[in-house]
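Input: a single structure, listed below in structure tokens.
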Amino acid sequence: MKPLRIGLAGLGTVGVGVIKLLRAHAEELSARGGRPVEVVAVSARSRDRDRGISLDGLRWHDDPVSLAQDTEIDVAVELIGGSEGPARLMVEAALGRGIPVVTANKALVALHGSALARLAADNNTTLLFEAAVAGGIPAIKLVREGLAAERLDRVGGILNGTCNYILTEMRTSGRDFSDVLAEAQEKGYAEAEPSTDVDGWDAAHKLAILAGIAFNPIRFESLPVEGIRNVTAADLRFATELGYRIKLLGLARQHEGKALEAWVRPCMVPVVAPIAGVEGVFNAVTTSGPFSGPITISGRGAGEGPTASAVVADLIDLARGASLPVWGVGAVSDAVECGSLADVESAFYIRLDVADRSGTMADLTSVLRDHDVSVHFVSQHEAASGRAYVALVTHGVAESAVREAAKGLAALPAVNGEPLVLKIEDSLR
Ligand SMILES: NC(=O)C1=CN([C@@H]2O[C@H](COP(=O)(O)OP(=O)(O)OC[C@H]3O[C@@H](n4cnc5c(N)ncnc54)[C@H](O)[C@@H]3O)[C@@H](O)[C@H]2O)C=CC1
Ligand SMILES: N[C@@H](CC=O)C(=O)O
Ligand code: NA
């Protein structure tokens, strides 16, 4: 049987994992795909770096675009990363000549997915990206194939392994942020530029892709994004005391007749919610729809093995001759704006660093009263030298009111620095 010939660009964590997996499971892959799946050509920055795998017998291309133009490949695999530059040029070159592309690059798909889908459709080929969302979890296949019959009202979850790893380690071992981030980088979880992870962008790319399949491609710039940099050890302690875990969540919800509600932000999740138990580098993808009901699946969201498993699953689809439309629908629609969050009601957690003196609490509550924010629970812990951390949990209130109240609180002389406002996400129980 004629093999499926792969040209693979990017020999880092994921690229090396893909080559190892193709070699380790060659027999099973050949049986499942109906023909052997073989890497025949590669491209990376350095030819001589020791990667622990042999590149003997593989054609070498210095330029990933020249790899995409190699007439002796059937599929181009892009594992370089970045929404622009060589990754984008290579994907465009391959799709432009009718060669299917498999990529793990969420930034590229989130920002240019609609244009790439058109290019693929125009050239009668496809772009597959299972590894781009939640690493080894079959998240795309869940939504695009498994739930193809459903009209979902919610999709999202814990979509960044690095952030979940940092939040888990900070809480369980008391280590600080930068120490745990360095470890996530060593383990190959973090993006080349780690602010992509900790500032929420990577989760946002993944949410944009899930929302694109479940609902409609969204205009990435309209997605509200907040990362985990401002979450402190004090917040993690308060969360435990209140019966919550702090998780970086990305969620998109379709409310009847309204613009899509979508956001990425650290949230308080009740400790009894299944998603609260998803710890470390694990991700979780959650959906809900009128026929299927709620579904949550979890697994390793980053790292060599899990991500390689997802890339190779796409290659098997191609070996089998599957021809899947990029966003799960034949016609590519234009990207839509996400709705404003101003009127969306929720309970919120507000954490303040205050002067520990008489009258402070009265000042805080008067600001909340002035903004019509009703408080459900208050807790206080001593901080260093005459300061205290105060945590307030509100009743349900519009996001715009809590944001205005937070500005009023920040302006009080007794309040140091910026308050942290976290949404309490109770719907995922
Ligand atoms: N590491 C992970 O756990 C996951 C990574 N991804 C995505 O997979 C992709 C690859 O990620 P990693 O393997 O972690 O990155 P990495 O930084 O370990 O590897 C990237 C590779 O691309 C090569 N490269 C850079 N510029 C190049 C150029 N101009 N021409 C040819 N090769 C070039 C580098 O030499 C390196 O071998 C990214 O899009 C990333 O977002 C997706 C899911 C999980
Ligand atoms: N940097 C990402 C890797 C996988 O997509 C993460 O930490 O989740
Ligand atoms: Na996946």
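Residue indices begin at 1 and follow the sequence shown. When a ligand or atom number is given, it counts from 1 through the structure's own listing order.
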Numbered atoms of ligand 1 (with element) below 4.0 Å of [X], judged on heavy atoms:
X: Ser43; result: 31 (C)
X: Ala302; result: 3 (O)
X: Ala131; result: 42 (C), 43 (C)

Is there a side-chain contact between [X] and [Y] (heavy atoms, below 4.5 Å)?
X: Arg97; Y: Thr71; answer: yes
X: Leu127; Y: Val91; answer: yes
X: Leu108; Y: Glu78; answer: yes
X: Leu147; Y: Leu142; answer: yes
X: Val133; Y: Lys106; answer: no

Enter the distance from [X]:[atom1] to [Y]:[atom2] here, rounded to the nearest 0.5 Å.
X: Leu58; Y: Glu38; atom1: CG; atom2: CD; result: 10.0 Å
X: Arg245; Y: Cys267; atom1: CZ; atom2: SG; result: 15.0 Å
X: Arg32; Y: Leu315; atom1: CZ; atom2: CG; result: 14.0 Å
X: Ser66; Y: Met90; atom1: OG; atom2: CE; result: 10.0 Å
X: Trp60; Y: Leu67; atom1: CH2; atom2: CG; result: 10.0 Å
X: Ile209; Y: Leu159; atom1: CD1; atom2: CG; result: 10.0 Å

Report yes or no: do [X] and [Y] form a side-chain donor-acceptor pair below 3.5 Å?
X: His381; Y: Glu241; result: yes
X: Asp153; Y: Ser288; result: yes
X: Arg171; Y: Thr240; result: no
X: Asp197; Y: Tyr189; result: no

Can you list the ligand 2 atoms lying under 4.0 Å from a non-hydrogen atom of [X]?
X: Glu191; answer: 1 (N), 2 (C), 3 (C)
X: Asp197; answer: 1 (N), 2 (C), 6 (C), 7 (O)
X: Gly161; answer: 6 (C), 7 (O), 8 (O)
X: Lys206; answer: 2 (C), 4 (C), 5 (O), 6 (C), 8 (O)
X: Lys106; answer: 2 (C), 3 (C), 4 (C), 5 (O)

Return the closest protein heavy atom for [atom] as residue, atom name and distance.
atom: atom 29 (N) of ligand 1; answer: Pro86 CG, 3.4 Å
atom: atom 10 (C) of ligand 1; answer: Leu79 O, 3.4 Å
atom: atom 19 (O) of ligand 1; answer: Gly12 CA, 3.2 Å
atom: atom 40 (C) of ligand 1; answer: Glu191 OE1, 3.5 Å
atom: atom 12 (P) of ligand 1; answer: Val14 CG2, 3.9 Å
atom: atom 42 (C) of ligand 1; answer: Ala104 O, 3.4 Å
atom: atom 7 (O) of ligand 2; answer: Thr162 OG1, 2.6 Å
atom: atom 23 (C) of ligand 1; answer: Gly10 CA, 3.9 Å
atom: atom 3 (O) of ligand 1; answer: Gly303 N, 2.7 Å

Does the shortest distance from the Na ion (ligand 3) to an N/O/S atom of [X] fall below 3.0 Å?
X: Gly135; result: yes
X: Ile137; result: yes
X: Pro138; result: no

Heavy-atom protein contact below 4.0 Å for atom 15 (O) of ligand 1: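 So atom 15 (O) of ligand 1 lacks protein heavy-atom neighbours under 4.0 Å.
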Heavy-atom protein contact below 4.0 Å for atom 32 (N) of ligand 1: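 So far as the 4.0 Å threshold goes, atom 32 (N) of ligand 1 is in reach of a protein heavy atom.
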Check this for me: [X], atom [atom1], are more than 12 non-hydrogen atoms of other residues, nucleotides or ligands nearer than 6.0 Å?
X: Arg175; atom1: CZ; answer: yes
X: Asn416; atom1: CG; answer: yes
X: Glu27; atom1: CD; answer: no

Sub-3.5 Å N/O-N/O distance, Ala132 and ligand 2: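 By distance alone, the answer is no.
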Any N/O pair Tyr189/ligand 2 closer than 3.5 Å: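 Yes: some nitrogen or oxygen of Tyr189 is under 3.5 Å from one in ligand 2.
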Test applied, salt bridge (charged side-chain N to carboxylate O under 4.0 Å, His left out); reference residue, Glu425; option that passes from Arg253, Arg265, Arg154: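 Answer after filtering Arg253, Arg265, Arg154: Arg253.
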Heavy-atom distances under 4.0 Å are what count here, so tell me which part of [X] touches ligand 1: side chain, backbone, both or neither.
X: Ala192; result: neither
X: Ser46; result: neither
X: Lys106; result: side chain

Asp70 and Arg5 ion-paired at < 4.0 Å: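 No, no charged N to carboxylate O under 4.0 Å.
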Heteroatom proximity flag, Gly188 to ligand 1, N/O under 3.5 Å: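 In this structure, Gly188 places an N or O atom under 3.5 Å from an N or O of ligand 1.
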Contact check: Leu11 vs ligand 1, nitrogen or oxygen atoms, below 3.5 angstrom: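 Yes, there is a polar N/O contact under 3.5 Å.
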Could you check which of [options] puts a non-hydrogen atom nearest to [atom]?
atom: atom 24 (N) of ligand 1; options: Val109, Val133, Ile80; value: Ile80
atom: atom 38 (C) of ligand 1; options: Ala87, Gly85, Gly81, Pro64; value: Gly81
atom: atom 44 (C) of ligand 1; options: Thr13, Thr307, Val311, Asn160; value: Thr307

Close approach of Gly301 to ligand 2, heavy atoms, under 4.0 angstrom: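 Judged by the 4.0 Å heavy-atom criterion, Gly301 does count as contacting ligand 2.
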Whether Ala44 lies under 4.0 Å from ligand 1, heavy atom: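 It does; at least one heavy atom falls under 4.0 Å.
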Asp202 contact mode with ligand 2 (heavy-atom cut-off under 4.0 Å):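 The side chain, only.
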